[in-house]
Structure formats: structure tokens, C-alpha cells
Undergrad: 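One structure is given below, represented as C-alpha cells, and several questions about it will come after.
Throughout, protein chains are lettered first and strands after them, A, B, ... in sequence-line order, and every chain is numbered starting at 1. Values below: all heavy atoms of this structure, side chains included; hydrogens, waters and symmetry mates excluded.
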Amino acid sequence: MTSVLEELTWRGLLHDATEGAGAHLAEEPRAVYIGFDPTASSLHVGNLVPIMGLVHMQRAGHTPIALVGGGTGLIGDPSGRTAERQLLTKEDVAANGGGIRRQLAHFLDFDRGDNAARMVNNLDWLAEWSLLDFLRDVGKHFGMSQLLAKESVKSRLGSELGLSFTEFSYALLQSYDFLELYRRESVTVQAGGSDQWGNITAGTDLIRRVDAGKAFGVVFPLVTNSQGTKFGKSHSGNVWLDPKRTSPYRFYQFWVNTDDADAVCYLKYFTLLSREEITAFEEQVASEPHRRAAQRALAEDVTRRVHGADGLTRAQQATDALFGGDLSGLGADDLADVFSEVPSSTVTADALSGDGVALLDLLDETELTSSRGDARRAIEGGGMYVNNVRVDDVDRRVTSSDAIEGRFVVLRKGKKRYHLVAAEG
RNA sequence: GGUGGGGUACCGAAGCGGUCAAACGGGGCAGACUGUAAAUCUGCUGGCUUAGCCUUCGGAGGUUCGAAUCCUCCCCCCACCA
């Protein structure tokens with residue numbers, strides 16, 4: 001058995017662990033679980049740390065169990081939340097759980113003999129409880145002073161937004177999940193983000209009290225970037241693992257754009273590269289930063305895992321074409337291929353004939369600019385390009401002579417944001 | 001319930017009868033330099049049919065030639081007292 005906590009430690013993935021967790025995990029194969037909130041039908045890059053946590057557990061010989069909070073998702077976890085949550089419907093939760101399982105399959109092996117990953121849904125056991133039984137059998141073991149002392153509860157009680165009884169009860173449900181998994185699947189370790197520490201230790205306490213059992217908790221750090229801003233957001237919002245929500249191209253670009261200061265850290269977090277390989281990249285970042293070898297390796301590794309070799313290839317082709325600069329060598333078919341990853345809109349071929357259509361009108365149909373005033377300013381500021389040629393006239397018109405092979409016009413704002421306009425009809 | 005302070009654009013925060021689409025800072029966007037990085041510097045940052053016009057300063061009325069600024073009522077926050 002390799003020591004999984006040692007592995008997590010050098011990768012910077014270990015934030016805290018309950019006493020004895022390291023020895024417990026080093027001793028023999030265990031079952032480890034992490035809960036995922038089914039608030040959306042897709043996971044996003046913010047979930048990658050816990051996912052990688054499970055990956056490391058499986059590689060070390062433990063059995064990873066992903067719990068989808070079908071029951072708890074109906075309640076909502078107050079941890080790290082400033083306001084009461086919207087409640088999800090049961091149908092939402094069920095559908096979202098299915099999406100999450102498909103994505104986890106890219107990371108975890110669900111077929112591997114001894115320690116295949118498993119997926120469980122806490123709705124399966126939480127739904128069976130009656131309120132009276134739950135209060136008698138589970139609630140009885142929780143002291144109010146301990147519950148009130150939890151950071152997530154304290155901060156919400158102090159704020160004007162308050163905390164409903166529903167969300168307050170969340171810790172009981174999560175604790176009970178741990179107990180249930182301890183009993184039915186012999187799960188002895190729960191992992192999660194550092195914000196889950198309170199919920200996890202509440203679970204280990206419950207197991208000790210009710211079953212006199214030993215259970216452990218391991219938590220990962222919250223990922224930040226060197227700017228101290230939130231990780232996992234791009235200009236278009238969350239970066240999702242679902243290619244329908246975030247195209248492989250944009251996903252790849254998200255990683256390529258990682259700061260130098262964060263690149264090595266992210267390689268440790270999000271890839272399975274060895275210590276030696278990562279050290280080599282660290283040296284490259286220092287000696288020849290302009291090559292951006294670490295960022296490329298990071299983007300390549302993560303994109304391949306999430307979107308497959310095929311998705312990676314398409315993302316890289318698009319990148320080469322777009323950042324190579326010159327579009328003139330590309331035919332319409334190449335363009336269509338490359339830009340399949342990029343947002344697009346259509347215009348009728350008729351509209352482009354003669355005087356064509358005002359660029360401002362064309363931009364109205366895109367998400368490149370938020371208003372005509374915004375579009376005007378972008379052009380005046382020299383930040384707008386047609387077919388990679390800077391536009392210097394606010395009243396620029398786009399005609400059929402701009403359309404490559406009569407089919408496509410490429411709009412670009414700034415260095416990186418592209419939009420493809422297809423002529424139809 | 002009483003007293004005092006306050007609600008201004010994405011956020012923080014000035015302004016307290018005209019020169020206010022509203023200082024300044026942050027954030028965001030773009031440009032320059034670079035390496036699709038960071039830092040730095042520059043410009044922009046309500047909408048539109050853009051030398052002009054329209055809608056904004058908690059809400060509704062009012063005074064005035066003219067209101068974010070004055071008055072009335074209402075709503076909401078904060079502090080202290082009860």
C-alpha cells in the first residue's frame with residue numbers, strides 16, 4: 001500500500017485530517033466517500049479537487065464512493081453560503097445525479113475488480129425515515145451547543161439573512177449519511193473540501209457515539225489563484241465539465257491561461273504527473289517562462305481526461321489556428337471545423353450582398369458586446385477585428401467580400417474572444 | 001416603541017439646488033509592452049438613431065425656470081436606548 005496521505009501532502013492537497021487517518025489509510029484498503037451536490041447537471045472545475053482526491057484514493061488501492069446528495073440536495077448545505085438556497089425539485093436532483101455520474105466515469109474506474117468506484121444516492125436511505133424516528137434515533141445524539149458552535153451556523157445566525165431550520169438540519173443529515181455508509185458499505189473515511197470539516201467531524205462523532213465505531217475525515221484545501229480571486233470562473237461564468245456548457249476549446253483555453261504563479265500548483269492538484277515531471281516543469285517556468293510548458297501540459301492533461309483525446313485534438317487545432325494569427329490560409333471547411341468550438345450566429349447571404357450589413361448590427365447578435373454603445377467603444381478603442389484585421393471605422397459595413405468563400409466572417413474582440421458568423425441561404 | 005445615522009451606477013464611496021450620466025478607488029473591457037502570464041502605463045466602463053437625445057441617485061408625491069441635492073408620506077438598513 002502506498003501512503004495516500006503522503007501523496008496528497010506533497011501535492012498540496014491535504015488541508016487537514018482527523019487523528020489517525022493516515023495510519024488507518026496506510027494499513028489496508030478502505031472505502032472512502034465524498035459527497036457531491038446535485039445542484040447542477042454538470043460538475044465544474046471547482047469540483048476537480050475532491051474528484052482528484054478520490055482518484056488518488058483509488059490509485060492507492062482504496063474504494064472510492066461518490067455520494068450524490070439526492071436527499072441532502074433537497075435541503076441544501078449552508079456551509080460557505082451567505083443566503084438561503086433555492087430548493088431543487090426531486091426530478092432535478094435525479095437528472096443532475098445522472099449527469100454527474102457520467103462525468104465521474106472519466107476519472108474513476110467503475111469496473112476495476114477489487115476496488116471499483118461506486119456511486120450511491122443518499123435519497124435511498126434518507127427518504128425512508130419518518131420525521132419522528134429521525135428525531136428520536138439520530139437527532140438525539142446531537143448537542144445543541146455543538147451544532148450552534150459550527151462556523152457555518154454561527155456566521156449565518158449573525159447575519160441579517162438568518163438561517164432556516166431546514167438548512168440548520170443539514171449537518172444531521174450529512175452525519176447520518178456517514179453512519180449509514182459506515183454500516184452498509186464499511187466506509188470509514190469521508191473526504192471533502194475544507195469547508196466540509198464541520199460536517200465531516202460531526203459524522204465521525206455520530207459513528208463513535210452510536211456504533212462505538214472509528215471513522216476518519218480528510219479535507220482538501222480550497223483552491224485559490226495567486227490573485228486571491230475565485231478559481232474556476234472565466235469571462236463566461238463557470239467552467240463546466242460538460243462539453244455542452246463549456247466547449248472543449250474554452251475548457252482548454254481556461255487552463256492554458258493559468259498564471260505562471262499558479263501553474264505548478266495546478267499541475268500537482270489536477271494532473272497525475274509524477275513529482276519528477278512536475279519539478280521539471282517548475283524549472284522550465286523559471287528558466288523559459290515564455291514557452292509556457294507548464295500551462296500547456298496542464299491544459300493537455302486535464303482536457304484529455306475530461307473530453308478525451310478527440311476533444312483535446314479539436315481544442316488544440318482551434319487554438320493553433322486562432323493564435324497562429326493568419327486566417328487567410330484557411331478555407332471555409334477548415335474554418336467551420338476550427339470554429340465549431342467557438343460561439344456562432346448566422347446571417348442571410350442576401351444581407352451581405354451590396355452594401356452589406358453594419359458591423360454594429362452584426363455585433364448585436366453576438367455575445368461579444370453587451371450593447372451597441374459597448375460595441376462602438378470596442379471599435380473606437382481598437383479592440384474589434386474582422387477576419388483578424390483590426391477595424392478602424394465605427395461605421396464599418398460587412399459585405400459578401402468579407403465572407404471567406406462566401407460562407408464565414410470571423411469576428412474577434414480583444415486577443416482571445418472569437419465569434420463566427422455564418423452566411424446562409 | 002424612542003433617539004440618532006444611513007440607503008448614490010457591478011462593488012465601496014464622494015456629491016447636498018444649476019457647471020451631474022454623477023468625483024475617487026476597486027472590479028470589468030480594450031490598447032501598448034510581453035509569452036494567450038504577471039506587473040506597469042493608457043483609454044473606456046447606463047441606453048440610443050451618439051457634436052444630440054432618452055432613462056438613472058430606496059419608493060411615491062410636492063416646491064422650483066431647474067432636484068441625487070429642499071419639503072411631505074412610505075419602505076428598508078445600521079447604532080444606541082427601551
Undergrad: Rounded to the nearest Å, what distance is computed from the CD atom of residue A:Gln284 to the P atom of nucleotide B:A37?
TA: 19 Å

Undergrad: Do other residues, nucleotides or ligands put more than 12 heavy atoms under 6.0 Å from A:Arg291 CZ?
TA: no

Undergrad: Work out how far the C1' atom of B:U8 is from that of B:A67, and round it to whole angstrom.
TA: 14 Å

Undergrad: What I want to find out is whether A:Arg376 reaches A:Glu380 closely enough, with some N-O distance under 4.0 Å, to be called a salt bridge.
TA: no

Undergrad: Given atom CD1 of A:Ile379 and atom P of B:C44, what is their separation to the nearest angstrom?
TA: 17 Å

Undergrad: Check whether any side-chain N or O of A:Arg397 sits under 3.5 Å from a backbone N or O of A:Asp355 as a donor-acceptor pair, and report yes or no.
TA: yes

Undergrad: Kindly indicate whether a cation-pi arrangement holds for A:Arg101 with A:Phe110, taking the cut-offs as under 6.0 Å to the six-membered ring centre and within 45° of the axis.
TA: yes

Undergrad: Between A:Arg245 and A:Arg250, what is the shortest heavy-atom contact and its length?
TA: O-NH2, 3.4 Å

Undergrad: A:Tyr266 vs A:Phe270 aromatic rings, parallel, tilted or perpendicular, using cut-offs 30° and 60°?
TA: perpendicular

Undergrad: Which base, if any, makes a Watson-Crick or G-U wobble pair with B:C73, both distances under 3.5 Å?
TA: B:G59

Undergrad: Using the C1' atom as the point on both nucleotides, what is the distance between B:U69 and B:C53, in whole Å?
TA: 24 Å

Undergrad: Only pairs with both distances under 3.5 Å count, Watson-Crick or wobble alike; so what is the partner of B:G66 in this structure?
TA: none

Undergrad: Figure out the NE2/C1' separation between A:His419 and B:C29, and round it to whole Å.
TA: 18 Å

Undergrad: With both distances under 3.5 angstrom, what nucleotide forms a Watson-Crick or G-U wobble pair with B:C16?
TA: none

Undergrad: Sort out the partner of B:A79 for me: Watson-Crick or G-U wobble, both distances under 3.5 Å, none otherwise.
TA: B:U3

Undergrad: Give, for atom OH of A:Tyr252 and atom CG of A:Asn257, the distance between the pair rounded to the nearest 0.5 Å.
TA: 10.5 Å

Undergrad: Taking CD in A:Glu288 as the centre, count heavy atoms belonging to other residues, nucleotides or ligands within less than 6.0 Å. Is the count above 12?
TA: yes

Undergrad: Using the P atom on both, measure B:C71 against B:C81 and round to a whole Å.
TA: 29 Å

Undergrad: Across all strands shown, which nucleotide pairs with B:G43 by Watson-Crick or G-U wobble geometry, both distances under 3.5 Å?
TA: B:C29

Undergrad: Rounded to whole angstrom, note down the C1' distance from B:G5 over to B:C20.
TA: 25 Å

Undergrad: In the 5'-to-3' direction, what one-character label does each nucleotide of nucleotides 30-36 of chain B receive under the scheme B = base within less than 4.0 Å of a protein heavy atom, S = sugar-phosphate only, - = no such atom?
TA: SSSBBBB

Undergrad: Please name the nucleotide paired to B:U34 by Watson-Crick or G-U wobble geometry with both distances under 3.5 Å, or report none.
TA: none

Undergrad: Near RNA chain B, counting only heavy atoms under 4.0 Å, which residues of residues 358-374 of chain A show up?
TA: A:Ser371, A:Arg372, A:Gly373

Undergrad: For the C1' atoms, the ones on B:A21 and on B:G31, what distance do you get once it is rounded to whole angstrom?
TA: 25 Å

Undergrad: Can you check the distance between B:U49 and B:U40, where both ends of the measurement are the P atom (answer in whole Å)?
TA: 37 Å

Undergrad: CD of A:Glu277: more than 12 outside heavy atoms within 6.0 angstrom?
TA: yes

Undergrad: Has A:Arg209 got more than 12 heavy atoms of other residues, nucleotides or ligands less than 6.0 Å from its CZ?
TA: yes

Undergrad: Please give the distance between the C1' atoms of B:C16 and B:G6 as a whole number of Å.
TA: 14 Å

Undergrad: For B:G66 and B:G18, measure between their C1' atoms and round to the nearest Å.
TA: 6 Å

